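These notes are about the structure you will find just below.
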Amino acid sequence: MILCVTPNPALDRTLVVPDFRLHDVSRATEVIAVAGGKGLNAARAIKQLGGDATCAGLLGGHTGRLFAQLATTEGLRSEWTWIAAETRLAIIVADGSGRDASLINEPGPPVTNEEWLHFAACVEALAARSSAVTFSGSVVKGPAPAQFAALLGACAAQGAQVWADSSGEWLRAAAGVPRINIKVNGEEAAELLGASVTTLDEAAPAAATLRERFHLQRVILTLGRRGAACADENRRWIAHPPAVKAVSSVGSGDCFLGALVLSLCEGRAMDEALRSAVAAGAANAMSVGGGRFALSDYQLAMRETRIEISDYGRKS
């Protein structure tokens, strides 16, 4: 089982609004309401690719109850921790013009220390039964970054492969947990390195520097449609993605992580896992709704994704 943790989930409402314009009256032709959040998108990708995923997160209020109902209806296995505050909303606007969708996130709810400790205990118990644990997205108001880092370390101590995909102070806290894995984009990598990362030529050495500086097991650095790089203690990988007609990239990074972790848990080599991850992210960008992609799009993207591998100092 892969445990997909989303500390700060949101009820996603995707509005399809042809020719959407700011400061004007617009009418949606389609509305999609789903249980959202980065970890749920990763779980959807895992499920779509035949894997076994369980979702965990903090939910509260009427929105939280609707969220849980939607997740159950969708067939997503889950273990929620309930809090007093209301779960947030996220509004996604896709206009079908070929431009990327727009995303508006509400701030997350406050969480008491008692609620966080209950959540952490639940996650640790689930981690003991999991081959891998992903922590995705922002963290709710209340817990300190040190508490987040402690939870990551506790899951790693259970023997699970731990991946963190966050930002800001939560990313810095995660990077301080030795021997876990992190996934960052160019901006997040720059936060940790103090230097911009915008090209694939920069991505592979930046991933290697992050891994060594923070004593991490693996670092994945994604650059959207430009590709991705990975580094462990022996090798670097560069992934060149296929050119696709993107409808909405919302959730593509999450699908990338879900497919990657599933492949690694199935015992695949990193080059194969990275190819699957890039293909899942590309397929997701071709459809509306995070984590909802066609297997035919995924399989086509798999065939068109190119991977370069190099030992340190040698390239093949």
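Excluded from the calculations below are hydrogen atoms, water molecules and symmetry mates; all remaining heavy atoms, backbone and side chain alike, are included. The structure presented is a predicted model; accordingly, all values stated were derived computationally and were not measured.
Hydrophobic clustering keeps Leu151 apart from Met1 (ILVMFWY residues linked when any side-chain heavy atoms are closer than 4.5 Å, directly or through intermediates). When the side chains of ILVMFWY residues are joined at heavy-atom separations under 4.5 Å, either directly or via intervening members, Ile309 and Leu264 end up in a single hydrophobic cluster. Two different hydrophobic clusters hold Phe119 and Trp82 under the rule that ILVMFWY side chains link at heavy-atom gaps under 4.5 Å.
In this model, no donor atom of one side chain and acceptor atom of the other lie less than 3.5 Å apart for Asn185 and Thr222. In this model, no donor atom of one side chain and acceptor atom of the other lie less than 3.5 Å apart for Ser136 and Asp165.
Side chains of Asp297 and Ser287 form no contact here, defined as non-hydrogen atoms less than 4.5 Å apart. Looking at heavy atoms from C-beta onward, Ser131 lies out of side-chain contact with Gln161 at the 4.5 angstrom threshold. Two residues are said to be in side-chain contact when any heavy atoms from C-beta on lie closer than 4.5 Å; Cys55 and Leu3 fail this criterion. Within the 4.5 Å cutoff, the side chain of Cys255 has heavy atoms near those of the Phe293 side chain. Within the 4.5 Å cutoff, no side-chain heavy atoms of Val123 are placed close to those of Leu126. With a 4.5 Å cut-off on side-chain heavy atoms, Thr54 and Glu79 count as touching. In this structure, the side chains of Ile92 and Ser102 stay at 4.5 Å or more apart for every pair of heavy atoms. The shortest side-chain heavy-atom distance between Trp163 and Val133 does not fall under the 4.5 Å cut-off.
Residue pairs satisfying the ring-ring contact (aromatic ring centres under 6.0 Å, His included) criterion with at least one member in residues 221-251, sequence neighbours excluded, are absent. Residue pairs that meet the salt bridge (Lys or Arg N to Asp or Glu O under 4.0 Å) test with at least one member in residues 124-143, sequence neighbours left out, do not exist here. Among residue pairs with one or both ends in residues 252-261, those qualifying as salt bridge (Lys or Arg N to Asp or Glu O under 4.0 Å) are Lys38-Asp254; sequence neighbours excluded. Residues in residues 260-278 take part in these salt bridge (Lys or Arg N to Asp or Glu O under 4.0 Å) pairs, two or more places apart or across chains: Glu266-Arg268. Identified under the salt bridge (Lys or Arg N to Asp or Glu O under 4.0 Å) test for residues 47-61, with sequence neighbours left out: Asp52-Arg77.
With Thr87 as the fixed residue, the side-chain contact (heavy atoms from CB on, under 4.5 Å) test singles out one of Leu59, Val140, Leu58: Leu59. Screening Val5, Thr6, Ile182 for a side-chain contact (heavy atoms from CB on, under 4.5 Å) involving Phe135 leaves a single residue, Val5.
A salt bridge does not link Glu86 with Arg88: none of the charged nitrogens is closer than 4.0 Å to a carboxylate oxygen.
In this structure, Glu169 places its CD atom where more than 12 heavy-atom neighbours from other residues, nucleotides or ligands lie under 6.0 Å away. Within 6.0 Å of atom CD in Glu212, 12 or fewer heavy atoms from other residues, nucleotides or ligands are found, so the atom counts as exposed in its surroundings.
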Could you pull out all donor-acceptor pairs under 3.5 Å where a side-chain atom in residues 22-37 meets a protein atom, sequence neighbours excluded?
residue: Asp24; atom: OD2; partner: Arg21; partner atom: NE; Å: 3.3
residue: Asp24; atom: OD2; partner: Arg21; partner atom: NH2; Å: 3.0
residue: Thr29; atom: OG1; partner: Val16; partner atom: O; Å: 3.3

Return all side-chain donor-acceptor pairs below 3.5 angstrom for residues 103-114, not counting sequence neighbours, or 'none' if the list is empty.
residue: Glu106; atom: OE1; partner: Leu89; partner atom: N; Å: 3.0
residue: Thr112; atom: OG1; partner: Glu115; partner atom: N; Å: 3.1
residue: Thr112; atom: OG1; partner: Glu115; partner atom: OE1; Å: 3.3
residue: Asn113; atom: OD1; partner: Gln147; partner atom: NE2; Å: 3.0

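Legend: residues meeting salt bridge (charged side-chain N to carboxylate O under 4.0 Å, His left out) with Asp12, ordered by chain and number and at least two apart, are absent. Arg292 meets the salt bridge (charged side-chain N to carboxylate O under 4.0 Å, His left out) test with Glu74; sequence neighbours excluded. Applying the ring pair (Phe, Tyr, Trp, His ring centres under 6.0 Å) rule to Phe67 yields the partners Trp80; only residues at least two apart in sequence or on another chain are considered. Scored by the salt bridge (charged side-chain N to carboxylate O under 4.0 Å, His left out) test, Arg226 finds no partners at all (sequence neighbours excluded).
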*Working for side chain to side chain contact (heavy atoms under 4.5 Å, CB included), residues Leu171 and Val184*: CA-CA 9 Å; Leu171 172 60; Val184 293; 3.8 Å; yes

_Verdict with reasoning, His215 to Arg179, per side chain to side chain contact (heavy atoms under 4.5 Å, CB included)_ = CA-CA 6 Å; His215 309 289; Arg179 303 303 297 169; 5.6 Å; no

_Steps toward side chain to side chain contact (heavy atoms under 4.5 Å, CB included) verdict (Phe214, Val219)_ = CA-CA 10 Å; Phe214 293 100; Val219 172; over 6 Å; no

*After noting the C-alpha distance and the side-chain angles of Cys230 and Arg236, does the key distance pass the side chain to side chain contact (heavy atoms under 4.5 Å, CB included) rule?*
CA-CA 6 Å; Cys230 173; Arg236 302 176 187 179; over 6 Å; no

*Given the rule in the side-chain hydrogen bond (donor to acceptor under 3.5 Å, both in side chains) test, do Glu188 and Ser167 qualify, once you have shown the distances and angles that lead to the verdict?*
CA-CA 6 Å; Glu188 293 158 355; Ser167 60; 4.7 Å; no

*Could you walk me through whether Glu202 and Thr198 pass the side-chain hydrogen bond (donor to acceptor under 3.5 Å, both in side chains) check?*
CA-CA 7 Å; Glu202 296 168 339; Thr198 58; 3.2 Å; yes

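The shortest non-hydrogen separation linking Val197 to Ala203 is CG1-CA, 3.8 Å. The nearest pair of heavy atoms linking Val278 to Pro242 is CG1-CD, 4.2 Å. The two residues Ala283 and Ala294 make their nearest non-hydrogen contact at CB-O, 4.4 Å.
Ring orientation note: the planes of Phe148 and Trp170 are nearly perpendicular, at an angle over 60° on the 30°/60° scale.
Grouped with Val244 in one hydrophobic cluster are Met286, the linkage being side-chain heavy-atom contacts under 4.5 Å among Ile, Leu, Val, Met, Phe, Trp and Tyr residues.
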